[in-house]
2 protein chains.
Amino acid sequence: MGLTRTEIFSIEQNQLATLLKALAHPARIAILQRILASNTCICGDLVDELGLAQATISQHLKELKNAEIIQGTIEGVSVCYCINPVTWKLIENQMGAFLGAYKQEANCC
Amino acid sequence: MGLTRTEIFSIEQNQLATLLKALAHPARIAILQRILASNTCICGDLVDELGLAQATISQHLKELKNAEIIQGTIEGVSVCYCINPVTWKLIENQMGAFLGAYKQEANCC
DNA sequence: ATACTTAATCGTAATATTGCAATATATTAT
DNA sequence: ATAATATATTGCAATATTACGATTAAGTAT
């Protein structure tokens, strides 16, 4: 026990949960907002700007990369990260469908 | 260590992260989809329909309630859950702003 | 009151996450 | 080749999450 029983849920449910989990940390939201702000890619400026240790930032970046939410390219001695447009679109679509399924009705509990 | 350093992030970043964390589990997504499907409220049908123990479902419901994503009303011997429209709208707005901030540019890494 | 039904809570084991110092790796500059 | 810079990885401690059996609480029926 103590392990999410992914086998009893649909691919889509697991996929959306995984994507949301990757987003569900203030540091990772801050990292993404930082990337979104300067549309051009960014690297270890994050370490200076967020107040977290370099190892911690690197770990969060790795998680975002694993989820394919961002992608990084080596640029000389530093690494440039940017949004993965495919996954971003996927999140928009999946979340749009999920959130949009709610039709507010009068008779509720 | 081992504890999220919420103090270095903005209220909004922490709030969005908390909401997404509450959504970021396939069981909770399944529960919400079940509630969304029959717009009217639901109770322990969830225990029968999802393949998880009653205690586990109850715990997931509690988390969704804590995040104010759902609300429950006692209805006789059972409990009826439904979406909290205020929080749902909040998620839509916050996620919309967050995801919408991405403008796909040609020159990226 | 007793039995029954439904849901919440408690306790616990297994696993995952978060954060960071220390170290390793890789690229650039001298 | 050596030094400097930037990022990744490792190891570890603290904490959180997930799942479930067992129990409790609270309402309904007999």
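On a predicted model such as this, the values are computed, not experimentally measured, just so you know. A, B, ... follow the sequence lines: proteins, then strands. Residue 1 opens every chain.
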Nearest atoms (heavy-atom pairs only) where [X] meets [Y]:
{"X": "A/Arg34", "Y": "A/Leu46", "answer": "CG-CD2, 3.6 Å"}
{"X": "A/Glu68", "Y": "A/Asn84", "answer": "O-CB, 3.2 Å"}
{"X": "B/Gln13", "Y": "A/Ile29", "answer": "O-CD1, 3.8 Å"}
{"X": "B/Arg5", "Y": "A/Gly51", "answer": "NH1-O, 3.2 Å"}

Whole angstrom is fine here: how far is it from [atom1] in [X] over to [atom2] in [N]?
{"X": "A/Asn66", "N": "C/dT18", "atom1": "CG", "atom2": "P", "value": "13 Å"}
{"X": "B/Arg5", "N": "D/dA16", "atom1": "CZ", "atom2": "C1'", "value": "18 Å"}
{"X": "B/Lys62", "N": "D/dA19", "atom1": "NZ", "atom2": "P", "value": "16 Å"}
{"X": "B/Glu75", "N": "D/dT28", "atom1": "CD", "atom2": "P", "value": "11 Å"}
{"X": "B/Ile57", "N": "D/dT18", "atom1": "CD1", "atom2": "P", "value": "13 Å"}
{"X": "A/Ile42", "N": "D/dA6", "atom1": "CD1", "atom2": "P", "value": "16 Å"}
{"X": "A/His60", "N": "C/dT18", "atom1": "NE2", "atom2": "C1'", "value": "7 Å"}
{"X": "B/Ile31", "N": "C/dA7", "atom1": "CD1", "atom2": "P", "value": "12 Å"}

Task: Neighbour count >12 (heavy atoms, 6.0 Å) for atom CD1, B/Ile8 - done: yes

TODO: Could you work out which one of C/dA8, C/dG19, D/dT7 sits closest to the side chain of A/Thr56?
DONE: C/dG19

Open item on the list: Both B/Ile74 and B/Glu63 contact DNA chain D. Taking the nearest nucleotide for each, which residue is further toward the 5' end?
Closed with: B/Glu63

Open item on the list: Can you work out whether A/Ser78 or A/Thr6 has the more 5'-proximal nearest nucleotide on DNA chain D?
Closed with: A/Ser78

Task: Residue pair A/Thr56 / A/Leu50, side-chain heavy-atom distance below 4.5 Å - done: no

Open item on the list: When you compare the side chain of B/Leu61 with that of B/Val79, does any pair of heavy atoms fall below 4.5 Å?
Closed with: no

Task: Spacing of B/Leu36 atom CG and B/Ile31 atom CD1 [to the nearest 0.5 Å] - done: 12.0 Å

Open item on the list: Give the residues of residues 20-29 of chain B touching DNA chain D, defined as any heavy atom closer than 4.0 Å, sorted by residue number.
Closed with: B/Lys21, B/His25, B/Arg28

Open item on the list: Would you say A/Tyr81 places a side-chain N or O within less than 4.0 Å of OP1 or OP2 belonging to D/dA6?
Closed with: no

Task: Short side-chain N/O contact from A/Lys65 to OP1 or OP2 of D/dA8, under 4.0 Å - done: yes

Task: Near-strand residues of residues 44-55 of chain B, defined as heavy-atom separation under 4.0 angstrom from DNA chain C - done: B/Gly44, B/Gln54, B/Ala55

- [ ] Look at the aromatic rings of B/Phe9 and A/His25 and report parallel, tilted or perpendicular, splitting at 30° and 60°.
- [x] perpendicular

Task: Of B/Val77 and B/Gln59, the one whose closest DNA chain C nucleotide lies more 5' - done: B/Val77

